[in-house]
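Both counts, for ligands and for their atoms, begin at 1 and track the order of listing.
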Amino acid sequence: MENIKTQISQVKNTDTKTKIAVAYGDGIGPEIMKATLSILEAAGANIEPEVIEVGEKVYLSGNSAGIEKESWDIINKNKIILKAPITTPQGKGYKSLNVTLRKSLGLFANVRPVNALHPYVHTHFPAMDVVVIRENEEDLYAGIEHQQTQDVVQCLKLITRPGCEKIIRYAFEYAKCYGRKKVTCMVKDNIMKLTDGLFHTVFKEVAAEYPSIQSESQIIDIGSARLAAHPEKYDVIVTSNLYGDIISDIAAEIAGSVGMAGSANVGKNVAMFEAIHGSAPDIAGKAIANPSGLLNAAIMMLVHIGKVAVANKIKNAWLTTIEQGYHTADIYIEGQSIAKLSTGEFAKKVIENLGKQPIQLTPSTLHENAGSITIPTYQRPQQKQVLVGTDVFINWQGNNPEEIGQALADLASYKLTLKMITNRGVKVYPNGLPETYCTDHWRCRFVASDTVSNEGKSVYAPVDFEQILALLANINAIGYEIIKTENLYEFDGKRGFSLGQGE
Ligand code: NAD
């Protein structure tokens with residue numbers, strides 16, 4: 001079985017020069033990139049930056065993707081990207097470059113470590129040390145949206161078994177690699193039983209393979225509330241795309257400054273490292289931006305390419321600088337910090353401190369294998385998939401469910417009969433409640449007229465796709481507008497669709 005090796009090379013000494021694609025970005029991007037690269041060079045990281053043009057300038061030149069072909073070539077050649085934040089111009093038609101890069105390059109794991117640096121950086125949570133591992137490619141961010149009727153727009157939430165297995169295994173392997181003790185899964189499977197239910201099921205399956213790492217699951221709403229109130233209770237959190245986007249911002253915000261945290265976007269062959277913050281146009285050009293977020297991203301990059309010793313050296317010099325009280329404006333505390341430094345002065349202080357260890361803050365002692373995370377390639381199990389019906393979605397401007405219900409129930413259709421109609425998921429036919437508000441979007445569920453018995457239980461009978469085609473032709477013939485269909489399947493005898501509320 002071929003494995004997914006997320007670390008692209010095992011460079012065990014700093015003598016090997018590694019080429020990386022570097023994007024200077026927009027706003028404060030060039031300032032913090034210059035500072036970061038100066039520290040990497042002084043530390044002997046031995047990287048060779050190849051500059052790629054991405055961002056505002058490229059967008060405004062008429063390229064709606066924000067990235068030129070030459071930049072793709074450099075990325076494909078080097079496989080590692082260090083990227084400063086970019087500005088997406090306001091207005092329609094500009095695609096998010098981050099989403100484009102993540103999806104095109106298969107960067108499935110977004111890793112955001114956030115920890116408190118108490119008492120040197122102000123935070124209410126001195127013991128906080130959390131890593132959020134967010135699925136980066138699917139969920140509601142698949143970007144599949146449609147307006148289906150005058151009243152209704154839809155966004156498809158796609159959760160896949162390979163996607164869940166990849167990210168959840170990555171989270172446990174990360175915990176193993178970095179000596180973390182616990183992985184918490186956050187989902188909303190009390191409501192979304194199939195999509196979030198799958199994420200939770202896979203989490204339980206994978207967790208069982210790592211008995212030495214504690215595992216727990218929380219519903220996302222109470223989970224994020226607890227994260228905001230007691231972040232010290234969390235270690236590694238793994239979650240899907242949207243929830244991960246939200247909770248990683250919560251985590252960064254409560255740790256002290258948005259300018260401090262770095263992040264990695266990791267895929268099979270390519271990885272991209274960046275600060276979690278944006279291009280901060282409000283302070284651009286003032287030389288006051290904190291380069292720490294991008295520097296921490298660069299440290300993650302060095303670990304990823306196997307240059308762990310130099311990563312530890314830079315991290316310890318940075319921790320020493322913070323501990324000595326040399327701070328940029330965003331974390332400066334009057335009466336406590338020693339000096340308020342510019343971006344460049346801060347970088348110089350870090351360079352001066354190369355080779356030093358922090359005294360109060362915990363020094364970085366990442367070992368050689370940190371970063372070498374390998375996960376098995378997904379193997380699709382063979383399941384028996386049986387078609388048992390279809391949901392037909394109809395655009396209808398009427399407001400009496402009995403009227404459309406009767407018309408569809410009376411439809412002479414070979415083998416398929418109407419089981420129920422829902423409106424926004426709530427059953428309105430048969431026996432709906434008059435209080436239920438109905439839009440112009442009607443989901444009409446058709447299943448086989450006959451049921452079959454399986455060990456005494458009545459289950460759905462199989463149907464042929466031709467029967468569904470015939471049904472659709474009949475519905476169309478009596479004047480109803482079909483906007484889409486969704487087939488109903490059983491997988492190895494298990495229902496693969498949700499019941500309507502009240503069904
Ligand atoms: P932002 O993160 O740029 O700024 C939020 C606040 O934090 C601002 O007050 C800013 O001054 C401050 N801040 C951010 N980074 C800082 C640093 N390193 N040092 C000191 N202070 C810092 O968020 P925003 O204002 O919502 O977005 C600005 C632009 O950045 C937008 O165009 C947005 O699309 C883009 N953006 C890009 C990325 C990326 O490229 N990865 C991520 C987020 C936002």
Side-chain angles (χ1 to χ4, degrees), residues 21-36 39 52-60 64-67 71 81-103 105 107 110-112 114 117 121-122 132 134 136 141 241 244-246 248-265 271-298 300-301 318 321-322 326-333 337 340-347 350:
V22 165
Y24 276 81
D26 305 311
I28 59 168
E31 301 162 48
I32 58 172
M33 181 59 85
K34 202 170 140 227
T36 298
I39 297 169
I52 55 171
E53 283 297 336
V54 295
E56 200 174 21
K57 217 167 84 189
V58 184
Y59 281 121
L60 296 177
S64 65
I67 177 166
S71 300
I81 312 162
L82 181 63
K83 178 181 151 293
I86 56 144
T87 303
T88 309
Q90 297 287 325
K92 293 204 167 152
Y94 298 112
K95 292 202 191 91
S96 159
L97 177 65
N98 274 342
V99 176
T100 304
L101 288 169
R102 282 174 195 160
K103 288 202 178 171
L105 299 170
L107 309 179
N110 184 217
V111 184
R112 289 184 169 195
V114 183
L117 296 173
V121 177
H122 176 72
V132 178
R134 161 191 170 197
N136 227 0
Y141 289 27
N241 207 338
D245 200 3
I246 297 167
S248 55
D249 271 22
I250 295 176
E253 183 68 22
I254 61 176
S257 165
V258 70
M260 301 288 278
S263 84
N265 295 276
M272 178 171 81
F273 300 84
E274 59 184 339
I276 66 159
H277 58 77
S279 56
D282 53 338
I283 56 166
K286 296 184 178 163
I288 57 169
N290 188 345
S292 301
L294 188 60
L295 182 65
N296 275 317
M300 292 169 86
M301 175 189 79
W318 175 73
T321 308
I322 299 283
Y326 293 107
H327 296 160
T328 44
D330 56 318
I331 56 167
Y332 180 82
I333 308 170
S337 303
K340 195 191 281 183
L341 302 185
S342 71
T343 312
E345 288 164 347
F346 182 82
V350 175

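Contact annotation: for Asn290 versus ligand 1, heavy atoms closer than 4.0 Å belong to both the backbone and the side chain. Under 4.0 Å from ligand 1, heavy atoms of Thr87 appear from its side chain as well as its backbone. At a heavy-atom distance under 4.0 Å, no atom of Ile288 approaches ligand 1. For Pro281, every heavy-atom contact with ligand 1 shorter than 4.0 Å involves the side chain, none the backbone.
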Note to self: Apply side-chain contact (heavy atoms from CB on, under 4.5 Å) to residues Met300 and Leu82 and explain how you reach the verdict.
What the structure shows: CA-CA 10 Å; Met300 292 169 86; Leu82 181 63; over 6 Å; no
Note to self: Applying side chain to side chain donor-acceptor pair (under 3.5 Å) to Thr328 and Asp330, what does each step give before you reach the verdict?
What the structure shows: CA-CA 6 Å; Thr328 44; Asp330 56 318; 2.7 Å; yes
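Each of the atoms 41 (N) of ligand 1 lies under 4.0 Å from some heavy atom of Glu274. Every atom of ligand 1 is numbered from 1 in the order shown, and the set under 4.0 Å from a heavy atom of Lys83 is 39 (C), 40 (O), 41 (N). If you number the atoms of ligand 1 from 1 as listed, the ones under 4.0 Å from a heavy atom of Pro85 come out as 39 (C), 40 (O).
Of the protein's heavy atoms, at least one falls inside 4.0 Å of atom 7 (O) of ligand 1. Within a 4.0 Å radius of atom 26 (O) of ligand 1, the protein contributes no non-hydrogen atoms. At least one protein heavy atom sits closer than 4.0 Å to atom 41 (N) of ligand 1.
Residues Asn296 and Phe273 form no side-chain contact, since every pair of their non-hydrogen atoms from C-beta on lies 4.5 Å or further apart. In this structure, Thr343 and Ile32 have side chains that are in contact, with non-hydrogen atoms separated by less than 4.5 Å. Under the 4.5 Å side-chain criterion, counting only non-hydrogen atoms from C-beta, Leu341 is not in contact with His327. Leu117 places none of its side-chain heavy atoms less than 4.5 Å from the side chain of Ile331.
Arg134 contributes atom CZ, which lies 8.0 Å from atom CG of Asn265 (distance to the nearest 0.5 angstrom). To the nearest 0.5 angstrom, Met272 atom CE is 7.5 Å from Leu105 atom CG. Interatomic distance, NZ of Lys83 versus OG of Ser263, reported as 8.5 Å (0.5 Å rounding). Thr87 OG1 to Tyr59 OH: the interatomic distance, rounded to the nearest 0.5 Å, is 9.5 Å.
Ala35 and Pro291 make their closest contact through CB-CB, 4.0 Å (heavy atoms, listed as atom of the first residue, atom of the second, distance).
At least one heavy atom of Ile283 sits under 4.0 Å from some atom of ligand 1. Ligand 1 has Ala289 within reach: a non-hydrogen atom of the residue lies less than 4.0 Å from it.
Here the protein heavy atom with the shortest distance to atom 12 (C) of ligand 1 is Val258 CG1, 4.1 Å. Nearest protein neighbour of atom 39 (C) of ligand 1, counting heavy atoms only, is Asn98 ND2, 3.3 Å. For atom 2 (O) of ligand 1, the closest non-hydrogen atom of the protein is Gly278 N, 2.7 Å. Summary of contacts: the protein heavy atom closest to atom 3 (O) of ligand 1 is Ala280 N, 2.7 Å. Ranking the protein heavy atoms by distance from atom 31 (C) of ligand 1 puts Ser279 OG, 4.3 Å first.
Atom NZ of Lys34 is surrounded by 12 or fewer heavy atoms from other residues, nucleotides or ligands within 6.0 Å.
Of the candidates Leu101, Thr88, Ile86, Ile86 brings a heavy atom nearest to atom 35 (C) of ligand 1. Residue Asp282 holds the heavy atom nearest to atom 9 (O) of ligand 1 of all those in Leu97, Asp330, Asp282, Ile28.
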